[in-house]
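A short worksheet on the structure shown next.
Any value given below was found using the heavy atoms of this structure, including those in side chains, with hydrogens, waters and symmetry copies removed.
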Amino acid sequence: MAEIGIMGGTFDPIHNGHLLLGRQAYKEYKLDEIWFMPSGTPPHKKDHVVTPAEHRMEMVRLAIRDYPYFVCSDFEVWRQGNTYTAETLRLLHEQYPEHCFYFIAGADSLYQIENWYHPQEVMRQVVLLVAEREYEEAPCSIEEQADYLRRIYRADIRFLHCPEVDISSGELREMAAQGKELGPYVADSVKAYIHAHRLYEKVYP
């Protein structure tokens, strides 16, 4: 049996904050591997055009290549239709019944998870590893929110203690469109790939 951390997301593009969170989960909870799992058709990303999967996958491969415990997984990216976390986790357990899965998430996810597709199924199937930092739009503290979810859903929620990287993929797309330097926020190989393939030259609305 292996203990596997799942880092999901569009990774459009993957940035250093993603890597920092993955490294912290690996070290703090002594996981065997971290699987970076780019999404296929994310149901919550209707506000902008998502970069084709092959580009997002390659950026992930480039970003994680120096970390032997990081794996780029195509488990979700080629599935047809919307890719819901609850369904992905069900399929993972079917294919890898010997593994224990940990779902790595930002603080915002802890407040939004009840709006996900079948949130009770998500919390039943994994340990949630959540970045322990305050969320600006939060109605309560992150500890209070975690206690609430534990009480209502019997969720297994644990915190990750790591510094915050104050950048988002959306901000990076805008920066690239404006010709700004991405170096402090993404791996050099990812920056070179974005430039070589002229990604984000037109900012997504």
How many angstroms lie between [atom1] in [X] and [atom2] in [Y], if you round to the nearest 0.5 Å?
| X | Y | atom1 | atom2 | answer |
| --- | --- | --- | --- | --- |
| Asp74 | Glu54 | CG | CD | 12.5 Å |
| Leu199 | His55 | CG | NE2 | 5.5 Å |
| Thr10 | Glu76 | OG1 | CD | 10.5 Å |
| Leu182 | Arg173 | CG | CZ | 12.0 Å |
| Asn16 | Arg23 | CG | CZ | 7.5 Å |
| Leu149 | Gln120 | CG | CD | 12.0 Å |

Working for side chain to side chain contact (heavy atoms under 4.5 Å, CB included), residues Glu174 and Glu171: CA-CA 5 Å; Glu174 292 182 12; Glu171 290 171 315; 5.6 Å; no

Please find the pair of heavy atoms, one from [X] and one from [Y], that lie closest to each other, and give the distance.
| X | Y | result |
| --- | --- | --- |
| Thr83 | Ser39 | OG1-CB, 4.0 Å |
| Gln145 | Leu110 | NE2-O, 3.0 Å |
| Ile34 | Gly22 | CG1-O, 3.6 Å |
| Pro13 | Ser169 | O-OG, 2.8 Å |
| Ser73 | Trp35 | CB-CB, 4.5 Å |
| Ser189 | Ala63 | OG-N, 4.3 Å |

Give a yes-or-no answer on whether the side chains of Asp12 and Thr51 include a donor-acceptor pair shorter than 3.5 Å.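 A donor-acceptor contact under 3.5 Å links the two side chains.
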
Is any side-chain heavy atom of [Y] closer than 4.5 Å to one of [X]?
| X | Y | answer |
| --- | --- | --- |
| Met57 | Val60 | no |
| Tyr96 | Ile4 | no |
| Tyr200 | Leu172 | no |
| His99 | Asp32 | no |
| Arg56 | Val50 | yes |
| Glu33 | Ile6 | no |
| Ile64 | Cys72 | yes |
| Ile104 | Leu160 | yes |

Ile142/Phe159 under side chain to side chain contact (heavy atoms under 4.5 Å, CB included): CA gap, chis, key distance, verdict: CA-CA 10 Å; Ile142 195 167; Phe159 289 114; 3.7 Å; yes

Between the main-chain N or O of [Y] and the side-chain N or O of [X], is there a donor-acceptor pair closer than 3.5 Å?
| X | Y | value |
| --- | --- | --- |
| Glu144 | Ser141 | yes |
| Ser109 | Ala105 | no |
| Glu181 | Gly183 | yes |

List for me each residue that meets side-chain hydrogen bond (donor to acceptor under 3.5 Å, both in side chains) alongside [X], sequence neighbours excluded, and say none if there are none.
| X | value |
| --- | --- |
| Tyr148 | Glu114 |
| Gln24 | Glu28 |
| Tyr102 | Glu3 |

Would you confirm whether the ring centroid of His93 sits within less than 6.0 angstrom of the ring centroid of Phe101?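 They qualify: ring centres under 6.0 Å apart.
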
Can you list, pair by pair, the side-chain donor-acceptor contacts under 3.5 Å of residues 124-132, counting residues two or more places apart and other chains?
from   : atom 1 : to     : atom 2 : distance (Å)
Arg124 : NE     : Glu121 : OE1    : 3.2
Arg124 : NH2    : Glu121 : OE1    : 2.7
Gln125 : OE1    : Arg90  : N      : 3.1
Gln125 : NE2    : Ala86  : O      : 3.3
Gln125 : NE2    : Glu121 : O      : 3.0
Glu132 : OE1    : His161 : NE2    : 2.8

Asp147 CG: over 12 foreign heavy atoms closer than 6.0 Å: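 Yes, CG of Asp147 has more than 12 neighbouring heavy atoms, counting only those of other groups under 6.0 Å.
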
For the CZ atom on Phe70, are there more than 12 heavy atoms of other groups (residues, nucleotides or ligands in this structure) within a distance under 6.0 Å?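 It does: Phe70 CZ has more than 12 such atoms within range.
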
According to the ring-ring contact (aromatic ring centres under 6.0 Å, His included) rule, which pairs have a member within residues 8-33, sequence neighbours left out?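 Every ring-ring contact (aromatic ring centres under 6.0 Å, His included) pair that includes a residue of residues 8-33, provided the two are not neighbours, is Phe11-His18, Phe11-Phe36, His15-His18, Tyr26-Tyr69.
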
Strictly by salt bridge (charged side-chain N to carboxylate O under 4.0 Å, His left out), give each pair with a member in residues 151-161 just once, sequence neighbours left out.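 Output for this query lists Asp156-Arg158.
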
